[in-house]
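FYI, side chains are in, hydrogens and waters are out, and symmetry mates aren't considered; it's all heavy atoms of this structure. Everything numeric in this text was worked out from a predicted model, so none of it was measured. The chains referred to below are lettered A, B, ... by the order of the sequence lines, with proteins before strands, and numbering in each begins at 1.
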Number of protein chains: 2
Amino acid sequence: MSAAESAVETIQREMTIFARRARASAGRMHPELSLVSYTLLGHLEERGGCRATDLAAHYALDKSTVSRQVAALERAGLIERRLDPEDHRVQVLHLTEAGQEILAQVTRSRRAAFRERLAGWPEEDLVRFAAYLERYNAGQGDPDPA
Amino acid sequence: MSAAESAVETIQREMTIFARRARASAGRMHPELSLVSYTLLGHLEERGGCRATDLAAHYALDKSTVSRQVAALERAGLIERRLDPEDHRVQVLHLTEAGQEILAQVTRSRRAAFRERLAGWPEEDLVRFAAYLERYNAGQGDPDPA
DNA sequence: TGTTCAAGTTGTACTATACAACTAGAAAGC
DNA sequence: GCTTTCTAGTTGTATAGTACAACTTGAACA
């Protein structure tokens, strides 16, 4: 096997290991916000509000799944729906203040965990690793072969 | 923010994106074997058989979860249980021939997907990316801060 | 105006998971 | 040697996340 084939093999194995562990540990670490909820809130913050359909398309989730997630986040007081005056089918979702706070808190906690995990890495390696991950995720084709 | 902090931020974000996508696409691509089943079969192959309790410990799963996974894999004819003659509480799990075939087939399919995803990467980058992932996953402390 | 399209919700089902209660067998203490 | 305690595994129950299909409501188009 060439060095390139062997490296692809390793990348597959390690990405799989990571994917398998990720959700469970995310749930243990942040019981107040699942990985999906966290992602959706983050998207809302980044975009400054969007529609449920946009979330579904962007994250390749069924609209019914998003609908229930959104309902739960609204029940929890983390987001609010605003009817689009232009089109009454559309609800534009926005973070509430509570939602912004929880999001910031979980982000801090996740960032601290990653920082600790990556402590001792030389800056040069961190930068390169980050670039590789971005390049991997930006790849075209199937969204993820994991 | 320093370059290192910014890189940690990116690593967190990209690992999260990957983790979120991984399971769904794994299910779509390999409906015959979930990510967990694939991992368990792989472990059995690597070890040449082991106990359900070992699987639970190694993958931080509840023993009841493993018990049901194992039952499903046995129903599907992919593994078999052998009672340990030394200790009648213990069942040693082994891949069947069918299990070996399915595992090999899914491994090939996954490897092809990764190879395609990583097509065009220079060998040097593949090798470095692989090394970073191994280093990340081997890190001590919390199993995964995702 | 009526047909078709789009946004969301709800009913239903399935998978993965955990925790708790249980059974069966092994080991240890007295 | 009997009883208590530990270990391996199963089963009952509950929850989260997900998809698909059927439906409702509103918009757009021909």
Mapping A:His88 and A:Lys63 to their closest nucleotides on DNA chain D, which lands nearer the 5' end?
-> A:Lys63
A:Leu61 has an atom CG; how far is it from atom C1' of C:dG8, in whole Å?
-> 15 Å
Send over the distance from B:Arg51 CZ to D:dT7 C1', rounded to a whole Å.
-> 9 Å
From CG of A:Asp62 across to P of C:dA7 the rounded distance in Å is 14 Å
Give me the ring orientation class for B:Tyr59 and B:His43: parallel if the planes are under 30° apart, tilted from 30 to 60°, perpendicular past 60°.
-> perpendicular
Between atom CG in B:Leu83 and atom C1' in D:dT10, what is the gap in whole Å?
-> 14 Å
Base, sugar-phosphate alone, or nothing: which one does B:Arg68 contact when heavy atoms must sit under 4.0 Å apart?
-> base
Side-chain donor or acceptor of B:Thr96 paired with backbone N/O of B:Leu78 under 3.5 Å = yes
Output the single nucleotide from C:dG8, D:dG17, D:dT10 whose closest atom is nearest the side chain of A:Ser34.
-> D:dG17
Just call it for B:Asp87: base, sugar-phosphate, or nothing, with non-hydrogen atoms closer than 4.0 Å on any strand.
-> sugar-phosphate
Pairing of A:Arg128 and B:Asp125 as salt bridge, 4.0 angstrom limit | no
Does OP1 or OP2 of D:dT11 have a side-chain N or O of B:Ser64 closer than 4.0 Å?
-> no
Pairwise 5' ranking along DNA chain D for A:Glu86 and A:Ser37, keeping only the more 5' one = A:Ser37
B:Gln69 vs C:dT15: side-chain N/O to OP1/OP2 distance below 4.0 Å = no
Spacing of B:Ile79 atom CD1 relative to D:dG9 atom P, expressed in whole Å = 11 Å
Whole-Å distance between C:dT9 C1' and A:Leu55 CG?
-> 16 Å
According to a strict under-4.0 Å criterion, is B:Ser67 in side-chain N/O contact with OP1 or OP2 of D:dG9?
-> no
Donor/acceptor link under 3.5 angstrom from A:Arg81 side chain onto base of C:dT9 = no
Could you give the CD-to-P distance, from B:Gln91 to C:dA24, as a whole number of Å?
-> 14 Å
Please work out if A:Val36 contacts a base, only the sugar-phosphate, or nothing of the nucleic acid, heavy-atom cut-off 4.0 Å.
-> sugar-phosphate
Provide, to the nearest angstrom, the distance between the CG atom belonging to B:Leu33 and the P atom belonging to C:dT15.
-> 14 Å
N/O donor-acceptor pair, side chain B:Arg89 with base D:dT7, under 3.5 angstrom = yes
Does B:Arg111 come within less than 4.0 Å of A:Glu5, counting only side-chain N to carboxylate O?
-> no
Any donor-acceptor N or O pair under 3.5 Å, side chains A:Ser64, A:Ser67 = no
If you find the nucleotide of DNA chain C closest to A:Ala52 and the one closest to B:Pro85, which residue's nucleotide is nearer the 5' end?
-> A:Ala52
